[in-house]
Every structure is written in C-alpha cells, then in structure tokens.
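All values below were derived from every heavy atom in this structure, side-chain atoms included, with hydrogens, water molecules and symmetry-related copies excluded. Nothing here was measured: the structure is a model prediction, and the numbers come from that model.
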Amino acid sequence: NEVRMLDVFLNYACQAKCPFCYNPPLTPELIAWKLPVDRLAHELLEGHKKGYRGVTFSGGEVTLLSELPAMLRMARKAGYNEIGVISNGIRMADEAYSRELVDSGMTFACVSIHADEPMLHDELLAVPGSFEKAVRALENLCALKIPAVLNFVITRRNVAAMPAFIARFAPLPGVVEFQLYFPHYEGLMTVHADDLKLAASDVVASQEAAIDRARAL
C-alpha cells in the first residue's frame, strides 16, 4: 500500500542561492525564521491522526537547523515509519552527521543535484565544492543503507546535462529514484525566469536521450 506522505516546511535559510528556488529572496527575518517546535509537534500529531505514516522535512536547507535530529526523533516517536530529509547534501557530506540523522530516525533522503559535473552544479548553487559534497553525501547514505532520491530541476541552463546526469548517477547503489521537474514560478524563479524558463517541447530531446541512457545501463 502507498504510504501517505506529509511535507513539513521547517525553515528558509540555505547556503545555496539557486536562481530557480521557489522560496522568496532571503531577508534577515526569513533567514532567522524556523518552525516552532510546538507547531511541529502539532502538525506531526494531526498528520498522524489523518492517516499520514510518512513525513518529509523541507526548507530552505533543513540541515542548517541544530534541532533537526531532535525533530527526526519527534517524528519517529509520533509513529511515522518513513521519515525523509530534503537537502542539498552539503552537510551530509560529513559522515558523522549523516549517521546522526539516521540514528535519529531518517529513513530516506532527497538530495538535490542539478548537473552531471561540478562546474555547472556549483555555478547554479553559487557554492564552490557543493557538487563534490553532494556526491560524498550519496556515498555516506549508501554506506548507511539509506535510499536516496535525486532531485533535478530542469532549466534552460542544465537541460542538456540531463542524459549525462542519469548516466552518472543511475548506477550508484542506493539511488532509488529520480525526480526531474520544472521549477515552480514562484519566489526567486520569478526573478530569473527570463534566463531559465523553457517550454516542455524544449525538453523532449534531452528527456528521450536520458531515457535511452537509463535503458542502456
């Protein structure tokens, strides 16, 4: 049976500056904001009453929260069987930190990687070294036997990289799913839409090549 998944938004703060982010440009107030613990407890309990048995924590970048391990333990105590973290993978490059998240209750991770090689990915995030850290995060998750879903936001700047992205990451043990999707036209994406937007028809050739690469593995 399919598990009903609850998404809980925890914060806005993030190290990355992805131009396609659906969150608004960060202000000091948004950087400081985080979901109060009592509000999280309420959402988890209400969600469980409504039949949700899985939860994902999203942001912002939730691994910037020192409270995240405690929040994972809270979800586990509330009765959630599938507990996921959506992340850019930068902090999970630290093996000890990844292990702490798993020990606290994380059962899967969604890692955002937007290219097949460091230069483009790091340029999109405006964080040098972020690609290497995301790859290391995947290695840590694999060693901990935690399945990973890869998120790839399709824009004009990275659409051509989709086939090579699939070819690079599909063979990795532990990568169980790819989510390739268009950006939401909200937040920062509305600021950068002229540089990033593309029509669905502009994706077809790259998408078909990506499917062919996946079939050939």
Side-chain angles (χ1 to χ4, degrees), residues 13-23 25-26 56 58-64 84-94 98 108-142 146-217:
C14 186
Q15 316 98 317
K17 298 174 179 62
C18 303
F20 46 75
C21 184
Y22 56 75
N23 286 326
L26 291 178
T56 54
S58 65
E61 176 52 44
V62 298
T63 62
L64 294 179
V85 169
I86 300 175
S87 173
N88 56 35
I90 292 174
R91 284 208 65 195
M92 286 195 286
D94 182 293
S98 290
F108 71 95
C110 298
V111 181
S112 299
I113 303 180
H114 306 294
D116 63 304
E117 48 83 26
M119 184 177 295
L120 178 56
H121 176 83
D122 292 2
E123 181 182 300
L124 286 169
L125 270 66
V127 180
S130 56
F131 182 88
E132 179 183 343
K133 289 182 178 179
V135 171
R136 200 177 309 143
L138 293 180
E139 293 170 351
N140 290 337
L141 293 169
C142 179
I146 295 298
V149 176
L150 296 194
N151 293 335
F152 181 105
V153 179
I154 305 166
T155 71
R156 188 184 304 167
R157 292 174 63 182
N158 66 353
V159 62
M162 200 186 309
F165 170 80
I166 295 293
R168 174 159 189 162
F169 290 106
L172 293 185
V175 174
V176 297
E177 184 180 333
F178 291 90
Q179 294 187 6
L180 312 173
Y181 54 93
F182 290 100
H184 301 284
Y185 281 79
E186 301 174 14
L188 279 174
M189 180 59 189
T190 63
V191 177
H192 300 282
D194 288 343
D195 295 327
L196 299 176
K197 66 182 179 181
L198 72 175
S201 58
D202 298 327
V203 181
V204 173
S206 186
Q207 182 183 48
E208 290 179 345
I211 293 171
D212 289 342
R213 289 283 190 96
R215 287 173 174 163
L217 295 173

Note: V62 and G59 closest approach over all heavy atoms is CG1-N, 3.7 Å
Run the numbers on V135 and F169 for side-chain contact (heavy atoms from CB on, under 4.5 Å), then give the verdict.
-> CA-CA 9 Å; V135 171; F169 290 106; 4.0 Å; yes
Taking it one step at a time, do D122 and S130 satisfy side-chain contact (heavy atoms from CB on, under 4.5 Å)?
-> CA-CA 6 Å; D122 292 2; S130 56; 3.0 Å; yes
side-chain hydrogen bond (donor to acceptor under 3.5 Å, both in side chains): which pairs involve residues 149-164, sequence neighbours left out?
-> E123-R157, T155-N158
Can you tell me how far the NE2 atom of H121 sits from the CZ atom of F165, to the nearest 0.5 Å?
-> 9.5 Å
Can you tell me how far CG of L172 sits from CD of E139, rounded to the nearest 0.5 angstrom?
-> 8.0 Å
4.5 Å side-chain heavy-atom contact, T56 and F108 | yes
Check P183 against I154 and note the closest heavy-atom contact, atom names and distance.
-> CD-O, 3.2 Å
Minimum-distance pair of heavy atoms, taken over all atoms of K17 and Q15 = NZ-O, 3.7 Å
Please confirm whether the backbone N or O of M92 pairs with a side-chain atom of N140, one donor and one acceptor, at under 3.5 Å?
-> yes
Starting at CG of D212, measure out to CD of Q207 and round the result to the nearest 0.5 Å.
-> 11.0 Å
All ring-ring contact (aromatic ring centres under 6.0 Å, His included) counterparts of F20, not counting sequence neighbours | H114
Do R213 side-chain atoms and I166 backbone N/O form a donor-acceptor pair below 3.5 Å?
-> no
Do I113 and F152 have side chains that get closer than 4.5 Å, going by heavy atoms?
-> no
Heavy-atom donor-acceptor pair, S58 side chain to I86 backbone, under 3.5 Å = no
Any donor-acceptor N or O pair under 3.5 Å, side chains S112, N88 | no
Can you tell me how far the CG atom of D94 sits from the OG1 atom of T63, to the nearest 0.5 Å?
-> 10.5 Å
About how many Å separate CD of E186 and CG of N23, when rounded to the nearest 0.5 Å?
-> 9.0 Å
Compile the donor-acceptor pairs under 3.5 Å between side chains in residues 187-199 and protein atoms, sequence neighbours left out, one pair per line.
unit_1	atom_1	unit_2	atom_2	d
T190	OG1	G187	O	2.6

Considering non-hydrogen atoms only, spot the tightest contact between L26 and C14 and give its length.
-> CD1-N, 4.2 Å
Given the options V149, L141, I90, V111 meets side chain to side chain contact (heavy atoms under 4.5 Å, CB included) only with L141
